[in-house]
Amino acid sequence: MRARLQTPLIFALLTLAAWQAIVMMADIPEYLLPAPSAIFASVDRSLAVQLAVTFVEALIGFVIASALAFGCAIMFVRFHTLEEGLFPIAIAVKTTPIVAVAPLLVIWLGTGWWSKIVAVMLICFFPVLVNAVKGLKAADAEYRELFQTLGASRAQEFRKLRIPYCLPYLFSALKISSSLAIVGAIVGEFVGHPGARLSHHGVVGASRNGNPVRGDRSRRIGGDHHVLRHWMDRTARHLLAQR
Amino acid sequence: MNALALTTRSEATTLSRPEPLIAIENLRIRFDNVVAIENLSFAVARGEFVSLLGPSGCGKSTLLKAIARLVPPAQGRIALRDPNLRIGFMFQKPLLLPWRTTLDNVLLPVEIQLGGSVVDPTDHSRARRMLEMVGLSDFTNAYPHQLSGGMQQRAALARALMSDPDVLLLDEPFGALDELTREVLNEELIRIWQNNDTRLHTIIMVTHSIPEAVTLSDRVIVLTDRPARLVEDVRVGCPRPRTPDDPEAVPVMKRIRAMVRGGR
């Protein structure tokens, strides 16, 4: 384990050192590119909290999306009609940029956890789906014939052949979508967040250097004005009025 | 020509034999617009070793898959005397699951039959006995990638025997192996077919090697190029054990070679 960490660690330190050296030698002003030392100096306890919040959002979205995508992939491979019908829709959803959808998510779901989690899910779902479908179909036709000659059921074919065969595909997909999950969470926070989150720090120092746009606008879009809560309030009032 | 060593039976006399184990009647199989097998009839009796011989791509494998019920016939039928006849299948490729050890690969048919992953100790000991039979006792815990091509096919044979078949269908089982390994494995196949430790009594094998067909089989079914039709049903009368250089076998091989050439 130590040997595996050593090399990346050394390269990370070298990169930081080079960054520091360039900033210092070229005398680049902090508002253009702060040196690593300046960034570390500004780190406080709130960053850790916000980091944790973003991480948890990303993790929950990632887990739900991956599980859903894998379930979908099994259904797609089992029932070909589903794949034919739903894959184009999945592609359409994927093609819509997450930055375009994120503000809508805030309007629909509010500024709380769920708008971020759904943003993460939208971005994580597709890579897992595509790779899992590919992996579940990866076993040679001859292997399936072997299972047929042994009298295996469809469920056994999935459990003992297709799913184990799919695992390498699945893990490479999870590798891709785990990093996308962080992007999804930050985009979700970017367009609407009630309080402190990582995106405050995201563009390092920007909000500290007098650029308060995001926080205020998101508060205006989100807060109590989002459609879903409005609709629920209205329905609740109607119901109460009828009684 | 040695008349004793070579008797040729016509389709009609083969069919008229009493109660064959497997009877193929007027079989026709097609894939989309390609006719793979056309009007084919022959029968296999209990205890026989029958080879299907023909040019590669002629539909021999399709015929074998049809007997295993993997491919439906377009016309005609494949009749089994006993509907509970157990049929084992062995492919040209070993098709071992790479994440399972040799022993676990051999146990796969049992797991599938039981419907779960729980395998009792008697199955374990039976799997070990199968591996012993094919000479792989020392490799029960090896993974497929650690085995040579010949060993992988041995493991596949043990797996095919694990489902305790009456009939074994072999689709060029050792075709991808080198000549020496192939000869050794063919001898072991005959030994397993002849010994009474297993239920196995009948073997149908696809091959495109004339010496292999003649050395192993009681009968050689010679087929034409696609669509596969029967050229001749050759009875190999040479005494066992045989080798490809037996003087009795040579004229049979010559005769079959002439048929294959002329059959196109």
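Just so we're on the same page: letters track the sequence lines, and every chain starts at 1.
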Heavy atoms only: give me the nearest [X]-[Y] pair and the separation to one decimal.
X	Y	value
Tyr143(A)	Leu96(B)	OH-O, 2.7 Å
Phe91(B)	Thr149(A)	CZ-CG2, 4.1 Å
Ile112(B)	Leu150(A)	CG2-O, 3.5 Å

Are more than 12 heavy atoms from other residues, nucleotides or ligands located less than 6.0 Å from atom [atom1] of [X]?
X	atom1	result
Arg182(B)	CZ	yes
Asn196(B)	CG	no
Arg199(B)	CZ	yes
Arg45(A)	CZ	no

Inset, instruction - Dump the intermediate steps for side-chain contact (heavy atoms from CB on, under 4.5 Å) on Arg100(B) and Lys160(A), then the final yes or no. - result: CA-CA 10 Å; Arg100(B) 283 172 174 248; Lys160(A) 293 188 188 293; 4.0 Å; yes

Inset, instruction - Determine the sole option in Glu145(A), Arg144(A), Glu142(A) for which the side chain to side chain contact (heavy atoms under 4.5 Å, CB included) test with Leu95(B) is passed. - result: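 Exactly one candidate clears the test, Glu142(A).
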
Inset, instruction - Could you tell me which portion of Arg69(B) (side chain, backbone, both or neither) has an atom closer than 4.5 angstrom to a non-hydrogen atom of chain A? - result: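 No part of Arg69(B) comes within 4.5 Å of chain A.
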
Legend entry - Region of Leu161(A) that comes under 4.5 Å of a non-hydrogen atom in chain B: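 Both parts, heavy atoms under 4.5 Å.
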
